[in-house]
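Worksheet: one structure, shown below.
These numbers were taken from a predicted model, which means no experiment stands behind them. Values below: every heavy atom of this structure, side chains too, minus hydrogens, waters and symmetry copies. Chain naming here is simple, since letters A, B, ... match the order of the sequence lines and numbering starts at 1 in each.
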Amino acid sequence: MDKPHAFLPVSRDFFDRPTLELAKELLGCLLVKEAEDGLAAGYIVETEAYIGPGDRAAHSFENRRTKRTEIMFADSGYAYTYLMHTHCLVNVVSGGSANPEAVLIRAIEPAYGTELMSARRRGAFGKNIANGPGKLTKALGISMEDYGHPLWQSPLFIAEGTPPHSITEGKRIGIENSGEARDYLWRFWITGNQFVSRHRKEEK
DNA sequence: ATAATGATAGGCT
DNA sequence: GCCTATCATTATT
């Protein structure tokens with residue numbers, strides 16, 4: 001590995017925009033983690049929006065405020081991490097302090113520290129390193145210790161990347177029991193990118 | 001395709 | 001306190 005690249009975090013007001021817009025704006029950005037055992041970063045290639053009060057699939061549906069969702073009621077730009085079975089998933093808090101909304105980061109394309117990411121993923125190779133929300137946290141070393149971390153600062157932050165040439169939208173994944181919310185087109189990915197987690201059967 | 005995994009929250013008795 | 005569901009992943013049929 002060559003000398004760690006000097007990544008420049010986005011400014012705090014980067015997160016100050018509507019959630020659906022932020023979800024698309026995050027595509028192509030870098031997600032960077034500076035850990036004890038090294039730096040790793042990847043391009044965000046897939047996101048999903050969770051818009052609290054009216055979104056049955058969101059943890060903050062109907063403004064449900066608990067210890068777990070507390071950070072969603074904070075200002076935009078903080079990390080909302082939570083555990084799903086054995087896996088940690090990471091979201092970017094959005095909607096400002098008035099709205100409990102978030103953007104789930106579902107997949108990244110390894111860009112720096114690929115060897116380290118692969119090692120953390122027990123030798124997974126290529127797109128298998130981080131093509132899923134639980135996989136990318138493992139690859140980057142993100143855990144519950146990052147809960148509430150401001151994503152405009154080291155050691156975990158969003159950095160400017162490469163704007164995507166084209167964005168495709170579709171239905172979200174893994175929320176089959178969420179009533180009408182399951183059909184909202186609140187999932188976004190970089191068109192044609194090979195590192196997206198997966199596609200629904202009825203979609204390409 | 002399906003089962004096991006096993007953290008945490010939320011709803012219930 | 002017990003029960004069930006969950007914004008998954010992996011290994012196994």
Side-chain angles (χ1 to χ4, degrees), chain A residues 19-20 22-24 26-27 31 42 44-74 76-95 99-110 117-149 151 156 158 168-189 194-203:
Chain A
T19 297
L20 290 176
L22 180 62
K24 284 181 273 195
L26 283 169
L27 293 176
L31 179 61
I44 297 170
V45 299
E46 182 185 356
T47 61
E48 278 180 7
Y50 286 86
I51 303 184
D55 182 0
R56 201 176 293 270
H59 294 155
S60 53
F61 178 56
E62 287 181 330
N63 290 304
R64 183 150 30 96
R65 187 166 188 161
T66 66
K67 187 180 174 188
R68 181 171 66 156
T69 62
E70 185 61 32
I71 196 66
M72 292 182 76
F73 292 82
S76 301
Y78 290 94
Y80 170 35
T81 53
Y82 71 91
L83 290 166
M84 162 68 177
H85 291 255
T86 55
H87 307 285
C88 180
L89 279 63
V90 64
N91 299 249
V92 179
V93 173
S94 180
N99 305 292
E101 306 175 356
V103 176
L104 169 66
I105 298 175
R106 285 197 57 87
I108 63 171
E109 176 178 338
M117 287 192 253
S118 178
R120 284 171 175 155
R121 290 269 302 125
R122 320 184 307 137
F125 179 77
K127 66 181 182 181
N128 280 327
I129 293 176
N131 61 340
K135 296 180 184 178
L136 74 91
T137 55
K138 190 107 187 291
L140 291 181
I142 295 171
S143 70
M144 288 308 291
E145 290 175 23
D146 295 300
Y147 182 91
H149 178 80
L151 291 170
L156 174 64
I158 303 293
T168 305
E169 64 181 30
K171 296 172 185 177
R172 292 175 292 177
I173 299 289
I175 55 165
E176 302 303 315
N177 299 323
S178 301
E180 73 286 345
R182 56 165 296 191
D183 292 324
Y184 296 167
L185 298 176
W186 286 353
R187 175 170 175 245
F188 307 97
W189 67 90
Q194 296 306 299
F195 292 83
V196 300
S197 57
R198 60 191 166 105
H199 296 289
R200 276 202 187 176
K201 279 180 189 161
E202 66 268 30
E203 297 173 340

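A donor-acceptor pair is defined here as one N or O able to donate and one able to accept, closer than 3.5 Å; such a pair exists between the side chain of A:Thr47 and the backbone of A:Ala23. Judged by distance alone, the side chain of A:Glu48 and the main-chain N or O of A:Arg106 form no donor-acceptor pair under 3.5 Å. For A:Thr69 (side chain) and A:Arg64 (main-chain N/O), a donor-acceptor pair under 3.5 Å exists by modelled atom type.
Minimum atom distance to the side chain of A:Lys67 is reached by B:dA9, of the listed B:dG10, B:dA9, C:dC7. Comparing B:dA7, C:dA8, B:dG10 by their nearest atom to the side chain of A:Leu83 picks out B:dA7. Of the listed nucleotides (B:dA9, C:dT6, B:dA7), C:dT6 has the atom at the smallest distance from the side chain of A:Met84. Considering only side-chain atoms of A:Lys135, the nucleotide from B:dG10, C:dT10, C:dC7 that sits closest is C:dT10. Of all nucleotides listed (C:dA8, B:dG10, C:dT10), C:dA8 comes nearest to the side chain of A:Pro133.
Between the CZ atom of A:Arg64 and the C1' atom of B:dA9 there is a distance of 9 Å, given to the nearest Å. Regarding A:Asn91, its CG atom lies at a distance of 17 Å from the P atom of C:dT6, rounded to whole Å.
Phosphate contact (OP1/OP2 of C:dT9, side-chain N/O of A:Thr86, threshold under 4.0 Å): absent.
Looking only at side-chain heavy atoms (C-beta outward), A:Leu31 and A:Ile142 come within less than 4.5 Å of each other.
Mapping A:Asn177 and A:His87 onto DNA chain C by nearest heavy atom places A:Asn177 closer to the 5' end of the strand.
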Whenever both distances are under 3.5 Å in a Watson-Crick or G-U wobble pair, mark it; put DNA chain C into dot-bracket that way, with [ ] for crossing pairs and | when the partner is on another strand.
||||||.|||||.

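For A:Arg172 and A:Tyr50, the positive end sits near the middle of the six-membered ring, less than 6.0 Å away and at most 45° from its axis.
Ring-to-base geometry places A:His85 in a stacked arrangement with C:dA8 (centre distance under 5.5 Å, plane angle under 30°).
Of the residues in residues 49-57 of chain A, those lying under 4.0 Å from DNA chain C by heavy-atom distance are A:Tyr50, A:Ala57.
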